[in-house]
Structures are given as C-alpha cells and as structure tokens.
Amino acid sequence: MERKRILSGMRPTGKLHLGHYCGALQNWVRLQKDYQCFYMIADWHALTTDYERIGPIREYTLDMVIDMLAAGIDPEKSVVFIQSQVKQHAELALLLGMLTPLPWLERVPTYKEQMQQLTGRDLSTFGFLGYPLLQAADIMIYKAHAVPVGIDQQPHIELTREIARRFNFFYGEIFPEPECLLAEESKILGLDNRKMSKSYDNAIYLSDTPDIIRKKVSTMITDPARVKRSDPGHPEVCNVFTFHKIFSPAEVTAEVQHKCVHAEIGCVEDKKKMAEYLITALAPHQARRAELTKDPAQVWDILEQGRKKATIVAEQTMDEVRKAMHLR
Ligand code: TRP
C-alpha cells in the first residue's frame with residue numbers, strides 16, 4: 001500500500017536550537033518510518049516577515065538543511081527541498097487567492113498577534129496577510145494527508161482544510177483535507193526558563209561548541225525555592241533536571257534527583273554534570289554536522305535532487321488544477 005504523504009516546513013530565520021531539535025526535528029526523523037515525507041525550507045515564508053533582512057537567508061538555509069541531515073533526515077527516504085525552487089507553489093498560491101475570502105485570512109490568530117509582537121518592521125503587506133495562503137499551497141500541492149506542526153500552526157492547517165474544501169466544491173475533488181499531526185511540545189525551556197527562542201537570547205544551538213554549552217548551562221535558572229546549598233531541591237520544577245531526563249543516562253538522572261532532593265548536590269555541580277552529558281549526547285550530531293559543513297556541495301546536491309522529486313509531484317498537481325480551472 002502507498003504510504004500516506006506528509007509535508008512540513010521550517011523558515012530559515014535563524015540557526016536551530018535544542019527546542020527545534022527536541023520538538024520538530026526528532027519528530028520529523030521518526031515520521032520517516034511511516035510516511036512519505038516532504039521536508040521544505042520555507043524561504044518565501046521567511047520573506048513575509050524579513051523582507052528587509054535578506055542577508056542571511058541563504059546561509060540559514062544551508063545551516064538548517066545540515067542540521068536536518070545530521071539529525072537523521074534521510075534524503076533517500078524523504079524529499080528535502082527549498083520552497084522557492086519549486087515555482088508551482090507560487091502558481092497554486094495565486095490561484096487559491098482567487099477563491100479565498102479576505103476575512104478568512106484576517107481572522108487567522110497569528111496574523112494579528114505577530115503584527116503586534118514583531119515590532120520594528122512594517123507588516124501591513126500583502127505577503128504577510130497571504131502567509132497562511134502560501135502555506136496552504138505548500139501543503140496542497142503535494143496532496144499531503146497530514147502536516148506535522150506545533151500547536152501554534154494549527155489554525156493554518158484548519159484554514160488549509162477550508163480552502164481545499166472550497167476548491168473541491170467549485171472545481172471538483174482534487175485535494176484531500178490534510179490532518180494536523182500535532183507534535184508534542186518540547187519540554188525543554190531556555191536558559192532563563194522562558195520558551196527557548198532566538199529572540200529571547202536564551203537558546204543553546206545545535207552548533208554551539210562544548211565550551212559555549214558549558215558556559216550557557218552554568219547560567220541556567222534552577223529551582224527558585226532552593227536558595228542555599230543546604231535547602232532541599234525540587235527537581236520536578238527545575239529545567240536542568242528536564243535536560244537530565246532527556247540527555248543523561250537514566251541512572252545518572254535518578255542519582256541527581258535523589259541527591260538534589262536531599263541537598264547532597266549543589267546546583268553548580270549538578271549543572272556541570274548535566275553539561276557534560278548534554279555535550280556527549282550532541283556529539284554524534286555535531287560530528288555529522290562538521291562532515292556536512294566541510295562539503296556544502298554535497299548538501300546543495302541533495303537539495304537539487306529534492307527539487308527534482310518535488311517538482312514532479314507539484315507539476316502533476318498543477319496539471320490537474322489548470323485543467324479543473326479551465327486554464328488549459
Ligand atoms: N509556518 C511554518 C512555521 O513557521 C512554516 C511552514 C511554511 C510550514 N509552510 C509550511 C509548515 C507548510 C507546515 C506546512 O513553522
């Protein structure tokens with residue numbers, strides 16, 4: 001039986017950190033077992049908010065693909081490609097724009113939120129309003145059955161379903177209504193206990209060297225109720241303990257938990273311990289990163305293969321769409 005198809009994307013607006021790794025990336029890697037996967041670098045989407053800061057887009061694109069491959073996305077199994085290299089996405093987005101009522105776009109929650117949050121730039125643009133419409137085209141052009149995303153993206157998938165339904169109603173059944181495959185949120189917080197994010201300057205990046213990791217970990221907030229070394233700690237509310245649970249061996253995690261609760265280990269020592277296990281856990285990823293970084297031509301070649309595979313599917317869909325809309 002044909003495996004079901006999924007598509008997901010990431011915008012190249014920065015380097016990937018542990019939040020991306022434990023949230024999206026490892027989920028994408030796992031999904032390769034059960035689905036035919038299309039994984040895309042959404043560079044046009046990056047432009048919707050960063051059209052004035054185009055400088056690093058290509059650099060971030062390459063770096064992101066390197067992290068994807070190093071994490072275990074297998075280009076033999078999955079199609080890895082750059083959105084802007086498959087022009088059919090733009091053609092479909094244009095056509096979907098004909099039948100998408102403006103209020104559907106205006107009521108998307110991320111639209112108003114981001115307008116307010118992303119200060120210092122003018123987002124009263126056509127491209128920014130059309131963000132979820134372009135995303136709908138990304139998904140529909142591969143007739144994806146499901147889309148693995150975080151909860152913040154759920155309204156965009158819901159909108160995609162509505163657009164697909166409206167298209168099918170006018171022009172005939174071409175598109176499946178894609179399901180949202182909600183990825184579990186990463187439990188890891190940033191160094192300051194807020195959500196890990198580039199804009200909070202609280203992230204540990206997949207490309208950070210061991211020394212940078214040690215330094216960052218030493219600044220992590222622990223259990224706020226533990227003021228003195230002799231106070232018993234509460235590992236269940238401590239972000240450092242969350243890291244232990246993910247990156248340290250089970251016996252070490254059990255040991256620090258016991259010692260913390262009994263005030264037998266201080267936070268400084270505990271953080272030092274955790275940093276070493278984190279560095280060890282990331283070492284294989286970083287070794288693969290180093291290999292790929294040395295050979296960018298190989299990475300661009302993988303993207304070229306991905307472009308070809310993606311284009312075949314996208315063009316097939318567009319062929320059906322053009323016929324259905326009497327454009328040929
Ligand atoms: N909007 C997504 C994000 O910011 C990125 C994205 C673009 C995407 N196109 C997509 C995700 C299609 C899933 C499907 O994370």
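All ligand and atom numbering here is 1-based and tracks the order in the structure. Nothing here was measured: the structure is a model prediction, and the numbers come from that model.
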| said: For residues 227-240, which residue pairs pass the side chain to side chain donor-acceptor pair (under 3.5 Å) check, not counting sequence neighbours? | reply: Asp223-His234

| message | Can you confirm whether the side chains of Asp67 and His285 place a donor and an acceptor under 3.5 Å from each other? | response | yes

| Less than 4.0 Å between a side-chain N and a carboxylate O, is that true for Lys259 and Glu255? | yes

| said: I'd like to know if Ile204 and Leu189 are part of one continuous hydrophobic network [Ile/Leu/Val/Met/Phe/Trp/Tyr, side-chain heavy atoms within less than 4.5 Å]. | reply: no

| query | Protein residues near ligand 1, heavy-atom distance below 4.0 Å? | reply | Leu7, Ser8, Gly9, Arg11, Met40, Ala42, His45, Tyr131, Gln135, Asp138, Ile139, Val147, Val149, Gln153

Under 3.5 Å, which donor-acceptor pairs link side chains of residues 135-148 to any protein atom two or more places apart or in another chain?
from: Gln135; atom 1: OE1; to: His156; atom 2: ND1; distance (Å): 2.9
from: Gln135; atom 1: NE2; to: Gln153; atom 2: OE1; distance (Å): 3.1
from: Asp138; atom 1: OD1; to: Gln83; atom 2: NE2; distance (Å): 3.0
from: Asp138; atom 1: OD1; to: His89; atom 2: ND1; distance (Å): 2.8
from: Asp138; atom 1: OD2; to: Gln83; atom 2: NE2; distance (Å): 3.2
from: Tyr142; atom 1: OH; to: His89; atom 2: NE2; distance (Å): 2.8
from: Lys143; atom 1: NZ; to: Glu320; atom 2: OE1; distance (Å): 3.0
from: Lys143; atom 1: NZ; to: Glu320; atom 2: OE2; distance (Å): 2.9
from: His145; atom 1: ND1; to: Arg5; atom 2: N; distance (Å): 3.0

For residues 273-280, please give each side-chain donor-acceptor pair under 3.5 Å, one per line with the distance, not counting sequence neighbours.
from: Glu276; atom 1: OE1; to: Arg214; atom 2: NH2; distance (Å): 3.2
from: Glu276; atom 1: OE2; to: Arg214; atom 2: NE; distance (Å): 2.6
from: Thr280; atom 1: OG1; to: Glu276; atom 2: O; distance (Å): 2.8

